[in-house]
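The block underneath contains the structure these notes are about, expressed in structure tokens.
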There are 2 protein chains.
Amino acid sequence: MTSGTSRAAVDPEQACPIAPVVDIVFSRWTTPILWALNEFGRQRFVELSRRIATITPKVLTQRLRQLERDGLVVRTYHAEVPPRVEYEISELGRSLAPLFAHLAEWASVNLEKVERARQDHDATERVGARRN
Amino acid sequence: MTSGTSRAAVDPEQACPIAPVVDIVFSRWTTPILWALNEFGRQRFVELSRRIATITPKVLTQRLRQLERDGLVVRTYHAEVPPRVEYEISELGRSLAPLFAHLAEWASVNLEKVERARQDHDATERVGARRN
DNA sequence: CGCATTACTATCCTTTAGGTACTCACTATA
DNA sequence: TATAGTGAGTACCTAAAGGATAGTAATGCG
């Protein structure tokens with residue numbers, strides 16, 4: 001298994017086949033955005049920002065541009081005054097729904113285990129310090 | 001669907017039920033680490049860092065501590081000289097395997113669509129600019 | 001004695017994210 | 001005519017996270 005001195009050094013993309021898709025789908029703020037667009041349908045910029053609430057317009061713009069470029073979101077601009085821009089999830093974006101469901105399923109089963117692990121860890125930290 | 005003037009403003013955790021699990025499982029470098037531990041079994045710090053190659057020791061330490069705290073990884077310290085520390089994936093960590101497989105499956109089907117979307121986007125960018 | 005080994009820290013620098021204010025083009029209102 | 005308001009962002013600055021490089025401790029080996 002461990003190959004002794006031979007270093008099988010590869011870049012993260014090679015070392016982990018899912019790394020590229022993680023970059024696309026799970027970079028910061030993308031899941032709340034995709035979720036909102038999938039759940040509540042086509043929405044305007046302000047609607048999205050109100051729904052997600054803690055995202056700033058700068059970052060929302062950045063993420064939407066990225067999602068548009070990756071083909072997960074479709075942006076429609078209406079040249080009115082004031083301007084109206086609508087975002088909706090694409091078919092490609094919708095194809096992530098089962099994956100997200102799977103993730104939600106894992107969370108419903110295991111999230112509390114993570115919580116418990118954290119509490120245990122923090123507790124033994126306080127008591128027994130870390131003897132390295 | 002859209003509820004007019006009522007703003008349903010909630011924090012991202014509320015707006016997107018999978019946000020907490022994304023923070024745990026898909027924060028930077030965690031997937032390559034978990035993948036390596038799952039594929040190649042118990043490993044020492046240097047083995048991991050050689051396998052992932054582009055990660056720096058500082059960040060690898062940070063992420064491993066986080067994964068240990070979350071109960072996804074188990075750390076074993078042997079007080080020898082030079083020291084020997086081994087990391088292995090926990091049962092909870094292994095429970096992510098089907099999810100990762102699902103992600104790999106999605107990637108094998110859709111990753112090239114994303115690539116194509118990017119190329120199309122960049123091409124029309126160069127030509128037609130963006131009429132906002 | 002000096003070098004190698006391992007599992008990290010320490011320090012510095014760059015990139016990314018977050019906060020707040022402002023613009024643009026026009027329309028409705030005073 | 002002057003003013004305020006609107007939606008979709010930008011501009012600018014600070015804070016946090018990530019990355020690069022070097023160093024540390026304890027000991028065996030040549």
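It should be emphasised that the depicted structure is a prediction, and the values quoted were computed from it without experimental measurement. Chain identifiers are assigned alphabetically (A, B, ...) following the order of the sequence lines, protein sequences preceding nucleic acid strands; residue numbering begins at 1 within each chain.
Under 4.0 angstrom from either OP1 or OP2 of D:dA8 there lies no side-chain N or O belonging to A:Arg75. Residue A:Tyr87 has no polar side-chain atom (N or O) positioned under 4.0 Å from OP1 or OP2 of D:dG7. Contact check, B:Arg65 against C:dC8: a side-chain N or O comes under 4.0 Å of OP1 or OP2.
Contact annotation: the side chain of A:Gln66 approaches that of A:Arg63 to within less than 4.5 Å [non-hydrogen atoms, C-beta and beyond]. For the pair A:Leu72 and A:Ile24, the minimum side-chain heavy-atom distance is below 4.5 Å. By the 4.5 Å heavy-atom criterion applied to side chains, A:Leu34 and A:Ile89 are counted as neighbours. Residues A:Ile33 and A:Leu60 have side chains in contact (heavy-atom distance under 4.5 Å, counting atoms from C-beta outward).
Distance NE2 (A:His78) to P (D:dA8): 10 Å, rounded to an integer number of Å. Regarding B:Glu80, its CD atom lies at a distance of 10 Å from the P atom of C:dA7, rounded to whole Å. At whole-Å resolution of the value, OH in B:Tyr77 and P in C:dC8 are 8 Å apart. Counting to the nearest Å, the C1' atom of D:dG9 and the CZ atom of A:Phe45 are 6 Å from each other. Rounded to an integer number of Å, the gap from CG of B:Leu60 to P of C:dT6 is 15 Å. Rounding to whole angstrom units, CG of residue A:Leu48 and C1' of D:dG9 are separated by 13 Å. Separating the CD atom of B:Glu86 from the P atom of C:dC8 is a distance of 12 Å, rounded to the nearest angstrom. If you measure from atom CD of A:Gln43 to atom P of D:dG7, you get 15 Å, rounded to the nearest angstrom.
Using the six-membered ring where Trp is involved, B:Phe26 and B:Phe100 have ring planes that are tilted, between 30° and 60° apart. Using the six-membered ring where Trp is involved, B:Phe45 and B:Tyr87 have ring planes that are tilted, between 30° and 60° apart.
Cluster annotation: B:Val46 and B:Trp29 are assigned to distinct hydrophobic clusters (Ile/Leu/Val/Met/Phe/Trp/Tyr, side-chain heavy-atom contacts under 4.5 Å, transitive).
Where the helix from C:dC1-D:dG30 to C:dA30-D:dT1 starts and where it ends, the local axes point in directions that differ by 30°; five pairs per end, rounded to 10°.
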> Which letter, B, S or -, goes with each nucleotide of nucleotides 11-30 of chain D from 5' to 3', with contact meaning a protein heavy atom under 4.0 Å?
Replying inline: -B-----BBB-----BS---

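Separation of atoms CZ (B:Arg118) and CG (B:Asp120) is listed at 12.5 Å; rounding is to 0.5 Å.
By the salt bridge (Lys or Arg N to Asp or Glu O under 4.0 Å) test, A:Glu86 is found to be paired with A:Arg42, A:Arg84, residues two or more places apart in sequence or in another chain being considered.
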